[in-house]
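Each chain gets a letter, A, B and so on, in the order the sequences are listed, and its residues count up from 1. Computed from a predicted model, the values in this text were never measured in an experiment.
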2 protein chains.
Amino acid sequence: MKKKAAEQPFGVKEIARRANVAIATVDRVIHNRPGVSPKTKSKIEAIIRELNYQPNILARRLASRHILRLATVLPKVSSQETDFWTLPVAGIQKAEEEIKQFGVKVEPFYFDLNDRKSFGKVTKQVLKNPVDGILLAPSFIEESVAFIRSCKELNIPYVFINSDIPQQESLCYIGPDLFRSGYQAGQLIRYCTPRNARVLVLNISHEIEDHHHLLRKEEGLRAYFQDTKRPIVKKDIRQTDQASIEKELSKALQQHADVRAIFVTNSRVAAVSRYLEKKGIDKDILLIGYDFTKENVSRLDQGHIDFLICQQPQEQGYRGIMALYQHLVMKVPVEKTHFMPIDIITKENHAFYNCDDHDYC
Amino acid sequence: MKKKAAEQPFGVKEIARRANVAIATVDRVIHNRPGVSPKTKSKIEAIIRELNYQPNILARRLASRHILRLATVLPKVSSQETDFWTLPVAGIQKAEEEIKQFGVKVEPFYFDLNDRKSFGKVTKQVLKNPVDGILLAPSFIEESVAFIRSCKELNIPYVFINSDIPQQESLCYIGPDLFRSGYQAGQLIRYCTPRNARVLVLNISHEIEDHHHLLRKEEGLRAYFQDTKRPIVKKDIRQTDQASIEKELSKALQQHADVRAIFVTNSRVAAVSRYLEKKGIDKDILLIGYDFTKENVSRLDQGHIDFLICQQPQEQGYRGIMALYQHLVMKVPVEKTHFMPIDIITKENHAFYNCDDHDYC
DNA sequence: CTATTTTCCGGGTACGTTACCGAAAGATAG
DNA sequence: CTATCTTTCGGTAACGTACCCGGAAAATAG
């Protein structure tokens, strides 16, 4: 049951012995601190490479008096519009629970998705505190770019979650591949509707950045039907309240009476389903949308929504924090992109969707 | 950036001080070792409760000279039959990589799924070594029950993976909910075939235990169609080579020419798809099967299989090890069952299925 | 060449636990 | 009552790393 651990891994002590220096000196070169002559420094570095020295994380965290502070910058959870962000937040908390033993602390900051100014205010707030890493949902592109410029100056690593801003040298991106998820929706529609049934794409959002986000999904869908002559129409709805959605939707359906499938490019699909149910046409039109929100799941369960495409939101939060942790504590390189699986949720399987991370089972 | 950690958590030192004893004595009661009088023991225990003492895992692992040995008992990977188990093994390795820093070592043992005697031999082998925890795929029920009886006597915790033996006081079960996955298959079939198209259920396996395993899926499928008058036929195939499968399958299809959907209750679906392709009827019959094996994915990609139902095999391995780790190292209670999500894999999304855990993307 | 600064480095303590060794009690035997 | 064993406990060296402090050597100034 109990045995001595294999003494394979060498420590600073062995390095110091071989280099004929003190442990403190080895420590200095490991942390790239000044006070070491170039000669001894290179000698020690050579030995470190030779022994393939791997610092003992436990001892390191134990001896270190620091605590790592991670900040999350996410949209406020608004139960009225969509509670999508509750799940990433849950994942973040789970991650924090796991690693707080290791001296990591997570401090959440929230901005208002309907108020781009709030984003700037919150990010300014973040940088006032001492922070070692940032998890960011870059909902507003311009403001985000400005923010991460500051981060770069301060040498604070940041990871993007849920939507990406490419070429911004983030530590990594964690979230969906938007194009492929639209492509996936295309496949579901092809399987479940007649060959030439019309498809209606609905982008429901009043923020322009977010809109760009939705566009990629639409592109994916169109790419799937590229070679077929499937009729596809698109409708942008800029007001996200139920009444406006219904009005616009009604107009669109009047104009195209042959619509047999609706692809809502975000989590507002519940509002659409309510309209279809009211009109008694929810069984005639295939309805596909996004995200595992409470309301969406409820309406999926009642049969008013056919498919929900999800991207493991709580896992995104969990991995976002863990990526920072891996980078800052474990000092291991992290992959640049973590595309989440494209999960297809139905009435039948929703109860089992990541059931161990929350209370649905 | 750097600050003193909150000194909130009390350690053994503080406990010793308050109890007017030495640290060693506190350590003795913490580990329930002999050599402490009942009086001082209860006094120390009271203080521990009062302070809500949480041991520092890092210091504990650092100071401990022990290494934890976990054994995995899984089916051998046979590329000929099915390489299903490569993914759980990958997950296990990933977990080991993550926690070997903490003094955990994983030692794999493999048995032959086609030879129940090998199971007994391997498990005997396992108990010869010193082992602190076991991850077990209980493919052979009787033998497994005997094995875990020994484990219980030796007080070694064990977790079941991929298939469960209920009421066996395992630390936990990690794997699919078989019934619900069959139910899910029903839903896919309803969506993708005409209302009264016949469904053929294929159980392809020559081991009886395994068969019982498959039966639950069939039950799920039938449960889905319970109220409808959907015609369903079932065929058991006891020989798993391609020729036997084709012979039996051909017989079944001759007998029921109106079959429009085939539900293969395990990963042998590729063999079926090969037959359908050969006969040129792979486009006429909806084919649903299980598991993300290389061959299955390849044939899914070529359009010969329509859906694969998967249960995150690598995640199962990962979580299995982590559950033991959580229990043995972190000493936190683990949930009794981890039902994995029921993932629906298609030509369109397979490339994104847990792509960060292996090399498919 | 001496005085002062700068550069470089070693000693040593701390982090919270584990676990070994041996000492002081107490119990038992003779 | 002494000798021996047993129970109960305290002191303390590790574990591998971080980091402070002070001292020697080297560089610069005077």
Side-chain angles (χ1 to χ4, degrees), chain A residues 1-44 48 51 53-68 100-103 328-331, chain B residues 1-44 48 51 53-68 100-103 328-331:
Chain A
M1 195 87 127
K2 314 218 157 179
K3 252 197 178 173
K4 265 260 174 180
E7 233 68 37
Q8 191 116 7
F10 301 106
V12 281
K13 213 181 299 186
E14 176 66 12
I15 297 173
R17 201 186 58 79
R18 297 201 186 199
N20 259 327
V21 295
I23 293 178
T25 306
V26 175
D27 190 62
R28 275 186 271 265
V29 355
I30 286 176
H31 293 88
N32 210 23
R33 274 188 295 242
V36 184
S37 72
K39 210 177 62 183
T40 51
K41 176 166 181 176
S42 65
K43 181 165 71 171
I44 292 174
I48 286 179
L51 293 184
Y53 166 70
Q54 300 289 102
N56 184 315
I57 310 294
L58 290 90
R60 170 166 290 182
R61 283 313 308 170
L62 182 62
S64 173
R65 272 87 147 160
H66 306 155
I67 72 173
L68 280 172
K100 75 175 172 195
Q101 289 259 11
F102 304 85
L328 290 167
V329 178
M330 311 296 270
K331 311 268 187 195
Chain B
M1 198 87 124
K2 314 216 160 181
K3 253 197 180 175
K4 265 258 175 184
E7 232 70 36
Q8 192 116 9
F10 301 105
V12 281
K13 214 181 297 185
E14 175 67 12
I15 297 173
R17 200 185 60 77
R18 297 201 186 198
N20 260 326
V21 295
I23 293 178
T25 306
V26 176
D27 190 61
R28 276 185 272 265
V29 354
I30 286 175
H31 294 87
N32 211 23
R33 275 187 295 241
V36 184
S37 71
K39 211 177 62 180
T40 50
K41 177 165 181 177
S42 65
K43 181 165 71 171
I44 292 173
I48 287 178
L51 293 184
Y53 167 70
Q54 299 288 101
N56 184 317
I57 310 293
L58 290 89
R60 168 167 292 179
R61 283 313 310 169
L62 183 62
S64 174
R65 272 87 150 156
H66 304 157
I67 72 173
L68 279 173
K100 76 174 171 198
Q101 289 258 11
F102 305 87
L328 290 167
V329 178
M330 310 295 270
K331 312 268 188 196

Q.
Tell me the interatomic distance from B:Leu58, atom CG, to D:dA14, atom P, rounded to whole angstroms.
A. 22 Å
(Q) What is the distance, to the nearest angstrom, from the NE2 atom on B:His66 to the P atom on D:dC15? (A) 14 Å
Q: Just compare D:dC15, D:dT17, D:dC9 and give me whichever is closest to any side-chain atom of A:Lys13.
A: D:dC15
Q. A:Leu51 and A:Glu14: which non-hydrogen atoms are nearest, and at how many Å?
A. CD1-CG, 4.0 Å
Q: Calculate the interatomic distance between A:Leu62 atom CG and D:dT17 atom P; express it in whole Å.
A: 12 Å
Q: Under 4.0 Å from any atom of DNA chain D, heavy atoms only: list the residues of residues 27-43 of chain A that qualify, in numerical order.
A: A:Asp27, A:His31, A:Arg33
Q | Residues in salt bridge (Lys or Arg N to Asp or Glu O under 4.0 Å) contact with A:Arg60, at least two apart in sequence or another chain | A | none
Q | Nearest heavy atoms of A:Leu62 and B:Leu58, plus distance in Å | A | N-CD2, 4.0 Å
(Q) Please report the distance, rounded to the nearest Å, between CD in B:Gln101 and P in D:dC15. (A) 17 Å
Q. C:dG16, D:dG10, D:dT17: which one has an atom nearest the side-chain heavy atoms of A:Ala59?
A. D:dT17
(Q) Any non-hydrogen side-chain atom of A:Ile57 less than 4.5 Å from a side-chain atom of B:Phe102? (A) no
Q: Could you work out which one of D:dG11, D:dT17, C:dG11 sits closest to the side chain of B:Ala24?
A: D:dG11
Q | Whole angstrom value for the distance that separates C1' of D:dG10 from CD1 of B:Ile23 | A | 10 Å
Q) For C:dA14, does either OP1 or OP2 sit under 4.0 Å from a side-chain N or O belonging to A:Arg65? A) no
**Q.** Backbone N/O of A:His66 and side chain of A:Arg61: donor-acceptor pair under 3.5 Å
**A.** yes
(Q) Could you tell me how far apart B:Asn20 (CG) and D:dC9 (P) are, to the nearest whole angstrom? (A) 12 Å
(Q) Can you tell me which nucleotide in D:dG16, C:dG10, C:dA19 comes closest to the side chain of B:Ser64? (A) C:dA19
Q. B:Arg61 CZ to C:dC15 C1': how many Å, rounded?
A. 17 Å
Q. Is there a side-chain contact between B:Asn32 and B:Lys41, using heavy atoms and a 4.5 Å cut-off?
A. yes
Q.
Testing the basics here: between A:Val26 and A:Val21, what is the closest heavy-atom pair and its distance to 0.1 Å?
A. CG2-CG2, 3.8 Å
Q) How long is the line joining CZ of A:Arg17 and P of C:dC9, in whole Å? A) 19 Å
